[in-house]
Amino acid sequence: MQVAGQVALVTGASSGIGRATAVELARRGARVLVHGRDAERTAEVGHAVGGTALLGDLAAPGAADDLAGRALGVHGRIDLLVANAGAGLSAPFTRMDPGEIDRLLAVDLVAPIRLVRALLPGMVERGVGRVVLVASVAGRTGVAGEAVYAAAKAGLDAFAESLRLELTGTGVGATVVLPGLVDTPFFEGRGGTPVRRLPRPVSAEAVARAIAVAIDDDRPEVWVPGWLRVAPMVRGSAPGVFRRLSARFGEPVRITSEHGATP
Ligand SMILES: NC(=O)c1ccc[n+]([C@@H]2O[C@H](COP(=O)([O-])OP(=O)(O)OC[C@H]3O[C@@H](n4cnc5c(N)ncnc54)[C@H](OP(=O)(O)O)[C@@H]3O)[C@@H](O)[C@H]2O)c1
């Protein structure tokens, strides 16, 4: 599906990957609706892309349906949904606050599913559209200290795969995005960016470009960086080796409060 001329809704566009994606889609000729929680940053991105800014805390009950309704009200349709808004939760699982667990699942898993439920029927009816779900390599590999986040992203990943099967022949597609570490404010307030030996952080702009290319080329899956796709291959074919490599290279070796800093 060509990005140019489509009406796109990007959630979590007030920052990081969502912001870069909104800018990239607008640059390629889409009409972009940008969603965020922070009014000032969301308005600023809306202005930058010449689009409409929509606010909403997706952890709140009914917020995704409400956002979808307001988004549909702007141009009468959404052709392209980039469900990108997401939060993290880093701690040993036994110390995670149950309320925080619920909130994380609401934002990272329930809200994207509810957004798709609200916006997909219109796409199917028109016979054109795409749903892009921003998951994470964590959902394919698992990550120590991020068990609930990894579970939420794995759920989103399976949701995308199932949707894709259901959508066969409808003219509507589903893409799952699987980034490794991305240089954004995502880890702020959680002690800073975890510094892993691998993978090194990539830029939000690199993820945004990969998303735009995947939409243009109807790709089902986007890995950024691309070489990360070998991780689940190794996990599937040699799980013992995978776990040894994961313990050696995948664990955070220290936390930095400096955004994006790496050794
Ligand atoms: N950074 C990484 O290393 C990485 C790796 C793999 C996957 N991802 C995924 O990429 C996506 C974007 O993350 P990012 O790295 O760009 O992080 P980011 O810069 O922190 O952006 C997160 C976005 O999600 C929004 N958001 C968070 N909680 C929300 C809530 N309760 N309701 C509504 N919006 C909410 C934020 O809105 P406000 O800022 O307005 O509050 C912001 O726009 C997430 O789904 C994340 O899981 C990130």
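Whatever order the structure lists them in is the order used to number ligands and atoms, beginning at 1. Worth knowing before you read on, the calculation uses all heavy atoms, side chains too, and leaves out hydrogens, waters and symmetry mates. For reference, positions follow the sequence shown, starting with 1.
Between Arg103 and Glu100 there is no salt bridge, since no side-chain nitrogen of the basic residue lies less than 4.0 Å from a carboxylate oxygen of the acidic one. Residues Asp65 and Arg117 are not paired through a salt bridge, judged by the lack of any N-O separation under 4.0 Å between the basic side chain and the carboxylate.
Gly155 and Leu109 get closest at one heavy-atom pair: C-CD1, 3.7 Å. Nearest approach of Val45 to Ala22, heavy atoms of both residues: CG1-CB, 4.3 Å.
Looking only at atom types and distance, the side chain of Thr141 has no donor-acceptor partner in the side chain of Arg235 under 3.5 Å away.
Every protein residue with a heavy atom nearer than 4.0 Å to ligand 1 is included here: Gly12, Ala13, Ser14, Ser15, Gly16, Ile17, His35, Gly36, Arg37, Asp38, Arg41, Gly56, Asp57, Leu58, Ala59, Asn84, Ala85, Gly86, Arg103, Val107, Val134, Ala135, Ser136, Tyr149, Lys153, Pro179, Gly180, Leu181, Val182, Thr184, Pro185, Phe186, Phe187.
Judged by distance alone, the side chain of Asp79 and the main-chain N or O of Val128 form no donor-acceptor pair under 3.5 Å.
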